[in-house]
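Just so it is clear: chains get the letters A, B, ... in the order the sequence lines come, proteins before strands, and each one is counted from 1.
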2 protein chains.
Amino acid sequence: MSLEFTLLGLLNRNPRTGYDLSKIVSRTTNFYWTATQTQVYQSLKKMADRGWITSETILQTGKPSKLLYHINPEGQIAFMEWLRDPPDSPTMKEPFMVQMYFLDLLDKEEILNKIKFIQAMHEQRLQEFQEYRGNIVAADKSLKENMARSLPLKAGILFEETWITWCEQALADINEMI
Amino acid sequence: MSLEFTLLGLLNRNPRTGYDLSKIVSRTTNFYWTATQTQVYQSLKKMADRGWITSETILQTGKPSKLLYHINPEGQIAFMEWLRDPPDSPTMKEPFMVQMYFLDLLDKEEILNKIKFIQAMHEQRLQEFQEYRGNIVAADKSLKENMARSLPLKAGILFEETWITWCEQALADINEMI
DNA sequence: GATCGCATGTAAGCTGTTACATGATTTA
DNA sequence: TAAATCATGTAACAGCTTACATGCGATC
């Protein structure tokens, strides 16, 4: 259910189209709730049926026309209620770590390659997060709005650094394993 | 799909009942793929239909009889294929961080309370992980099998420590916010 | 000429959750 | 006497993924 509230929260800041929202939410980097384009369109439709948001058709020349969604007072109330509630517990789906849990069935080379692959991925993600950081620190916003952007980003950076540390230690441990 | 392979991997180590497996997989602590009891029973049925696993009824006195599942050669082949494949990318569902992303709509006290709540949760989880660690380090197993248990656990500990660090910094930042 | 970006969506299927049902034994 | 543990499961629904369809304009 948090996907709907994620979208509501974004619409509460600015009116946006399904296309805009799906770009924000589909990149793993920079967000804490990933969803596909299809899911975004489906959720927007549901929320519009429920009266939380309203769409406005915008005609464009040279580009397909688009539906700009706005949040309604009912949507704002629902959003604030969700925001004040204690958060649902996170769902863990980390296929790589599941594979590591069964690493005893692989040979040394295979294990090392798997870890190196994941390490490269996290190094890239860390870099993307750090590039993104500049925008926020430089932004001329009220302190609270600044925090709302920088604290989750800071978490992203810390987690990527932790991943990389783990990979380095794991590679060393596996290498020593004879 | 990784849930089925998680269960297969566990069955490959030891025959188990749905009840046993659901206990392992439903505690967030200590595993990287969480699932409910219902889902475990459903997945076991599917895998049995597919011929990956076989069940054996075990009658007990004073307790309900149980179905002990064993992995079949077909199941072992499917499992090893999955294990060698590059892992699927993880799915991020972190409702707490989504709420933090919209923290500008809450007042200082509410934000501090939310963070303290999550901090306490992670401190508890860290403790559980650390208690769990003793068993593994002390275990008298071959190095590879030992790694399969200790590396993912080590990751869990590092991530919990990172969460706590983030919470401490976040609390300090919010407090300084006037 | 092919692919990418813009922009919307449907259909089918798979995965996951919540609530319920049963029933004996053990512990508080 | 109430609740927890053992042990299995069904039904209904909600959430999410994959594949497909459309069509224009711009870039390679």
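An OP1 or OP2 oxygen of C/dG16 is reached within less than 4.0 angstrom by no side-chain nitrogen or oxygen of B/Q42. A close approach under 4.0 Å does occur between a side-chain nitrogen or oxygen of B/K46 and OP1 or OP2 of C/dT15. Phosphate proximity of C/dG9 to A/Y41: absent, as no side-chain N or O sits under 4.0 Å from OP1 or OP2. Checking the phosphate oxygens (OP1, OP2) of D/dT10, a side-chain nitrogen or oxygen of B/K45 falls inside 4.0 Å. For the OP1/OP2 pair of D/dG15 and a distance below 4.0 Å, the side-chain nitrogens and oxygens of B/K93 include no atom meeting the criterion.
A salt bridge is absent between A/D107 and B/R84: the closest approach of a Lys/Arg side-chain nitrogen to an acidic carboxylate oxygen does not fall below 4.0 angstrom. Between B/R50 and B/E4, at least one side-chain N (NZ, or NE/NH1/NH2) sits under 4.0 Å from a carboxylate O, which counts as a salt bridge.
One interatomic measurement links the two molecules: CD of B/E4 to P of C/dC14, which rounds to 11 Å at whole-angstrom precision. Regarding B/L7, its CG atom lies at a distance of 10 Å from the P atom of C/dG16, rounded to whole Å. In this structure, the CD atom of B/Q39 is 15 Å from the P atom of C/dC14, given to the nearest Å.
Counting non-hydrogen atoms under 4.0 angstrom, A/T17 reaches the backbone sugars and phosphates but no base.
Residues B/A170 and B/I115 come closest through the heavy atom pair CB-CD1, 3.9 Å.
By the 30° and 60° cut-offs, the orientation of the rings of B/W166 relative to B/F96 is perpendicular.
Taking the nucleotide of DNA chain C with the nearest heavy atom to each of A/T38 and A/K66, the more 5' of the two is matched to A/K66.
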